Number of protein chains: 2
Amino acid sequence: MKILLIEDEPKVSAFIKKGLEEQMYDVEQAYDGFYGAKLAIDNEYDLVILDVILPRMNGVEVCKLIRQQNIAVPILMLTALGSTEDKILGLDSGADDYLVKPFEFQELLARIRALTRRSQESVGTEVLKVADLELDVQKKTVHRNGVPISLTAREFALLQYLLRNKERVVSRVDIIEQVWETSFDTGSNVIDVYINFLRKKIDKDFSPKLIHTLVGMGYVLKEMEEK
Amino acid sequence: MKILLIEDEPKVSAFIKKGLEEQMYDVEQAYDGFYGAKLAIDNEYDLVILDVILPRMNGVEVCKLIRQQNIAVPILMLTALGSTEDKILGLDSGADDYLVKPFEFQELLARIRALTRRSQESVGTEVLKVADLELDVQKKTVHRNGVPISLTAREFALLQYLLRNKERVVSRVDIIEQVWETSFDTGSNVIDVYINFLRKKIDKDFSPKLIHTLVGMGYVLKEMEEK
DNA sequence: CTTCAATGAGCAGTATTTTCATGGTCTACA
DNA sequence: TGTAGACCATGAAAATACTGCTCATTGAAG
């Protein structure tokens, strides 16, 4: 569990770091807002603890910047500024929790547990399902009705995307952007071809069919009640 | 945004409810822990606000019970118990935040925003309705009186436009511009034809009729009281 | 060198979109 | 009350767009 601690006061930072490390957290430190933001954006942390009053860039700005980069890491603001106004400012800039100094270390730990609980849950075996089709994201295996099915990397990525959006129609543009990670329209029919591959492997010998075409709209993965 | 408020003190509950409703939240109330837990488990809320001291089942128990059911709804504990020990107990029972009474209402609102931010971000499920007709923008599905109806892309776009302007007369020019995305008047009657297609699929086998012609003006989608 | 994933091109078949022609309905006005 | 003209509904056919699938080529991995 990696935590980024952005706090300019060396003694406070060291104290928190020590306390967290006793709980087996892996702590990295930043001593100013700008560098802290850079670390948060370039690395993957499980939590950011963020002081508000910081040199070079204040905590609220750091928070906004991180969120602007579309990074969803939990952020806990930790500061001496205890007015309701400050709290609102902090929370509305994208922080998930706001704790006022001085605080009891046990409370900080409890709040850290609450914030990191969700991401911990998801670690482990993520299995996507629809009807009798199962896809294990970590193991990279796919089964339909218990029968193992082997897919290529691209096929797997496509199926995974369809599963994450099951019941929802996804357009070719969505697929190209998310699975192929290009938005450049090559006028190609790769997607059609791959949908075809998946159909052969996943739908051909089974029923009900799960991959459906909506002409002019895209594809859906679902058990169809209609038609 | 639906919030479940579990609080036994009627005056406090009413006060919070009123304040939340002013912010356009949809609030349901429970006055004891057992009933509150039942509501939280049987329904889908965007947030649960949970008092700790409650009749029949205390807040910590409620929280544990909800989490045992594998329900990930954000839970905000709101209580007079302000000791660090109480906070830890609350947060570790599965709550996401813990606010001590008395509190400033603005802080509660900010914390609610922080807790609900994530679920809002997630792919919103936008459903347009009129009478017993429902259209899911993402899933691209249409139901009337629970019966699934399949539409082509153009039909869907037209119906979606009518739904977004339900109760309001839209002219042929509006439709051509918004749905066909051309303003060039081709002197064609495509729109009439498509209205006809929609009528067959949506109004033919149902009642009341929803698509109405206003001669010389255009079309409306609404439940007609008159005529 | 062989194998196989990845992709583009082409074409046939199908579904959708649009046009066209016909007939109906409503309204204004003599 | 009758009728012309504007407006609308609808079936069918034509035009078009879209999709499924095969095949050939490329390029990377082993």
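Within every chain, numbering begins at 1; the chains are lettered A, B, ... in the order of the sequence lines, protein sequences first and strands thereafter. What you are looking at is a predicted structure, and each value in this text was computed from that prediction instead of being measured.
- Atom CG of A:L198 and atom P of C:dT7 are 13 Å apart (whole Å).
- Summarising the geometry, the separation between CG on A:D203 and P on D:dC21 is reported as 11 Å, rounded to the nearest angstrom.
- Checked options B:V130, B:V179, B:L210, B:V170; the residue passing with B:L162 is B:V170 (criterion: side chain to side chain contact (heavy atoms under 4.5 Å, CB included)).
- Exactly one of B:L50, B:V60, B:I66 qualifies for a side chain to side chain contact (heavy atoms under 4.5 Å, CB included) with B:S93. That residue is B:V60.
- For the OP1/OP2 pair of C:dT19 and a distance below 4.0 Å, the side-chain nitrogens and oxygens of B:S188 include at least one atom meeting the criterion.
- Between A:W180 and the phosphate of C:dA6, there is no side-chain N or O to OP1/OP2 separation shorter than 4.0 Å.
- Regarding contacts with the backbone of C:dT7, a side-chain N or O of A:R154 is found under 4.0 angstrom from either OP1 or OP2.
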- Query: What is the per-nucleotide protein-contact pattern of nucleotides 3-20 of chain D, from the 5' end, where B denotes a base atom under 4.0 Å from a protein heavy atom, S denotes such proximity for sugar-phosphate atoms only, and - denotes neither?
  - Reply: ----SSSBS------SSS
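- Atom NZ in A:K204 sits about 10 Å away from atom P in D:dC21, given to the nearest Å.
- Between A:L151 atom CG and C:dA6 atom C1' there is a gap of 15 Å when expressed in whole angstrom units.
- Across the protein-nucleic acid pair, A:I191 atom CD1 and C:dG8 atom P stand 10 Å apart, rounded to whole Å.
- Remark: the B:R111 side chain and the A:Y98 side chain contain no N/O donor-acceptor pair separated by less than 3.5 Å.
- Regarding B:L159, its CG atom lies at a distance of 14 Å from the P atom of C:dT17, rounded to whole Å.
- Taking a cutoff of 4.0 Å between a charged side-chain nitrogen and a carboxylate oxygen, B:D42 and B:K38 qualify as a salt bridge.
- Following rounding to the nearest Å, B:I176 (CD1) and C:dT19 (C1') show an atom-to-atom distance of 13 Å.
- Checked against a 6.0 Å centroid threshold, the rings of A:W180 and A:Y161 do not count as neighbours.
- In terms of modelled atom types and a separation under 3.5 Å, the side chain of A:D46 and the main chain of A:K2 share a donor-acceptor contact.
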